[in-house]
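Below: one structure, written as structure tokens.
Numbered from 1 within each chain, the chains take letters A, B, ... in sequence-line order. When reading the values below, keep in mind they use all heavy atoms of this one structure, side chains included, and skip hydrogens, waters and symmetry mates.
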Amino acid sequence: MLERIDSTLTQKKEKVERVHKLPDLPGAVQGKVVMRFAPGPSGPLHLGHTRVAVLNDEYVKRYDGKFINRIEDTNPDKIDPDAYDMIPEDLEWLGIKVHETVVQSERFPFYYDLARQLIKMGKAYICTCPADDWRKMKEESRPCPHHDESVEVTMEKWEKMLAGHYGEEKAVFVVKTDLNHPNPAIRDFVGFRIVTSTPHPRQGSKYCVYPMMNFCVAVDDHFLGLTHVIRGKDHLNNTLRQEYLFNYFGWTMPWYHHYGLVSIPDAILKTSTVGKGIKTGEYSGWDDVRLGTVRAMAKRGIQADAIRAFWVDCGIKEVDIEFSWETLYAYNRDRIDKIADRFSFVPEPQPLDVCGVDHLDSKAPLHPDHPERGYREHHLSGKPIMVFVSEADLTQAIEAGRVRLKDLANVELKAGKSKFIGNDLAILKEKVKIINWVPDSYQSCTVFMPDGSKKVGYVERLPEDEAGKVVQFERFGFVRIGRISPDVEAYYTHN
RNA sequence: GCUCCCGUAGUGUAGUGGCCAAUCAUGUUGGCCUUUCGAGUCAACGACCCGGGUUCAAAUCCCGGCGGGAGCACCA
């Protein structure tokens with residue numbers, strides 16, 4: 001301990017630029033840390049999930065521990081069968097190493113056993129009151145008539161429950177906590193319920209008694225050997241409920257930590273809404289660029305690395321925070337700027353004739369800082385030579401009278417035509433603007449923007465190997481190339 | 001209504017009694033540089049929720065307000 005303090009003190013003096021790092025986990029032992037990610041399989045992962053997934057992964061990697069992906073599929077109403085495959089795919093894309101996968105619907109008999117043990121301890125009862133009545137009595141700190149039934153009676157009712165003697169909503173297994181607990185959120189909670197109307201996508205109608213999240217979480221967190229749990233603040237009260245189970249069974253609790261809630265502005269995240277939208281054709285799929293899914297981020301050219309850096313930077317504090325697209329984009333730009341080849345794209349293209357010259361050659365680097373990567377070359381001829389420029393640029397250029405076609409020529413404009421006036425870069429010192437152009441060997445290109453709009457224009461011919469890569473359309477922004485032929489489709493990343 | 005959590009610049013973050021007239025990042029503005037409105041570079045802007053108390057000394061400890069969030073589900 002003292003050594004640690006000493007080293008941080010000396011470090012502090014030496015550090016000029018401090019990189020934000022996550023704090024150490026209390027009681028973490030190298031090689032012994034076990035953590036988990038516990039999504040409900042209602043769809044693929046979205047930005048909100050990435051925080052908890054990344055943070056847990058960061059710690060597992062730091063301590064050379066184990067990362068468990070626990071699929072919490074105990075509510076058949078909210079299961080998308082495809083999610084069982086999509087979640088691991090998304091985790092892999094995020095660079096998260098999963099060491100073990102647990103699916104809760106495969107463990108129902110195990111949960112049933114523990115339920116029996118709990119009944120034997122007198123810590124649970126089977127309630128057959130109408131749900132509203134039970135809830136109301138709880139609010140008033142009153143026990144329902146079944147609260148104090150004997151172990152024998154309770155056990156008998158439990159077996160009847162399992163045997164299907166009760167219909168849906170006719171009986172629940174309740175974990176006793178403390179009806180007089182000042183916090184109404186902590187008083188007796190439901191551990192198992194009956195589900196018969198919706199078959200489970202994986203188990204069919206094999207089971208009619210379904211465990212509830214709070215029961216499974218406590219049981220699994222213990223039996224899977226978790227040492228540290230990091231999750232959202234919305235689970236704060238759940239942890240207090242789960243604590244009762246740990247105490248009844250005599251288990252030691254892992255270290256639980258709850259970070260603040262994140263609000264992600266302008267993000268479409270809600271799985272059920274998106275799922276419906278996909279069915280109706282409103283969205284093209286889970287990777288529709290308007291969505292906040294991991295898939296959409298990938299499609300747009302957001303790097304997993306940038307998302308990771310963002311969450312590490314946010315830390316694990318309990319304060320609620322607001323997600324900043326600007327900051328994520330800054331981290332992402334930092335990563336893609338180095339690797340993105342540059343191309344010329346002109347939205348709303350307008351033809352422009354360049355008179356007074358027979359042919360023009362253009363040679364521009366794929367990346368201005370890395371000429372060794374090669375060049376884009378165009379050899380233009382014709383009488384006159386025709387190029388395309390964007391409508392907005394053309395308007396401004398006509399107003400200015402002179403303009404530099406980037407890496408090509410200086411031209412003088414009047415009445416929609418232009419005249420070659422040399423190639424001397426000194427003209428830039430005279431505040432002449434540079435604009436982009438494409439030759440008549442262009443490809444049509446549609447850029448899909450995150451707000452759902454499209455920018456249609458021409459792009460200079462792209463090498464086939466740019467498909468799937470992030471490139472920069474000069475003076476337009478970074479995009480990820482979806483396809484190259486027959487026409488180019490690209491997804492806007494950010495500026 | 002009850003219970004719990006939280007409150008440092010626009011956003012995120014460092015800071016656990018003195019080295020804090022407060023760190024870093026992002027953002028914004030301006031300069032330089034650059035054949036992109038990208039990158040780089042230099043500078044500026046911008047914060048300890050409020051009020052008491054403890055102390056020689058408080059962003060840091062205590063109390064009270066105020067503000068924000070979550071939970072009180074037979075969802076996760």
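Across the interface with RNA chain B, nearest-nucleotide mapping of A/A330 and A/P182 shows A/P182 to be the residue nearer the 5′ end. Each of A/D393 and A/F310 was matched to the nucleotide of RNA chain B holding its nearest heavy atom; the match closer to the 5' end belongs to A/F310.
Per the geometry, CG belonging to A/L328 stands 14 Å off C1' belonging to B/G27, to the nearest Å. Distance CZ (A/R376) to C1' (B/U35): 11 Å, rounded to an integer number of Å. Whole-Å rounding puts the A/I434 CD1 to B/U35 C1' distance at 4 Å. The CG atom of A/N332 sits 14 Å away from the P atom of B/U26 (whole-angstrom rounding). The distance between atom CH2 of A/W311 and atom C1' of B/U26, rounded to the nearest whole Å, is 15 Å. Atom pair A/H257:NE2 and B/C6:C1' shows a separation of 12 Å (rounding to whole Å applied). Following rounding to the nearest Å, A/H181 (NE2) and B/U3 (C1') show an atom-to-atom distance of 8 Å.
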Fill in: Evaluation steps, side-chain hydrogen bond (donor to acceptor under 3.5 Å, both in side chains), between A/H146 and A/T128
CA-CA 8 Å; A/H146 314 96; A/T128 50; 2.9 Å; yes

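Nearest nucleotide to the A/E322 side chain, out of B/U13, B/U11, B/U26: B/U11.
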Worksheet entry | Under 4.0 Å protein heavy-atom contact, by nucleotide of nucleotides 69-76 of chain B - B base, S sugar-phosphate only | SSBBSBBB

Worksheet, complete the sentence: Letter by letter from the 5' end, nucleotides 38-46 of chain B scores (B base, S sugar-phosphate only, - none; protein heavy atoms under 4.0 Å) BS-------

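The aromatic rings of A/Y329 and A/W325 sit tilted, their planes meeting at an angle between 30° and 60°. Using cut-offs of 30° and 60° on the angle between ring planes, the pair A/F108 and A/Y207 is tilted. Using cut-offs of 30° and 60° on the angle between ring planes, the pair A/F345 and A/F473 is parallel.
The minimum heavy-atom distance between A/L45 and A/D90, with the atom names listed, is N-OD2, 2.9 Å.
No donor-acceptor pair closer than 3.5 Å links the side chain of A/E149 to the backbone N or O of A/Y125.
With a 3.5 Å ceiling on both atom-pair distances, the Watson-Crick or G-U wobble partner of B/A43 is B/U29. The nucleotide B/C20 finds no pairing partner, because no Watson-Crick or G-U wobble arrangement with both distances shorter than 3.5 Å includes it. Across all strands shown, B/A9 forms no Watson-Crick or G-U wobble pair with both key distances under 3.5 Å. Under the Watson-Crick and G-U wobble criteria, each requiring two contacts below 3.5 Å, nucleotide B/A70 is paired to B/U3.
Side-chain contact check for A/D221 and A/Q242: no donor-acceptor pair (N or O, by modelled atom type) lies under 3.5 Å.
Distance check on atom C1': B/U55 versus B/A73 gives 49 Å, rounded to whole Å.
Residues A/H257 and A/L55 fail the side-chain proximity criterion, which asks for heavy atoms closer than 4.5 Å. Annotation: side chain of A/L226 is in contact with side chain of A/R70 (closest heavy-atom distance under 4.5 Å).
Distances shorter than 4.0 Å separate some side-chain N or O of A/K317 from OP1 or OP2 on B/A14.
Between atom CD of residue A/E430 and atom CZ of residue A/R402 there is a gap of 4.5 Å, rounded to the nearest 0.5 Å.
A centroid separation of 6.0 Å or more is found between the aromatic rings of A/Y111 and A/F192. If you look at A/W311 and A/F323, their ring centroids are closer than 6.0 Å.
For the segment residues 422-432 of chain A, the set of residues with a heavy atom within less than 4.0 Å of an atom of RNA chain B comprises A/L425, A/L428, in numerical order.
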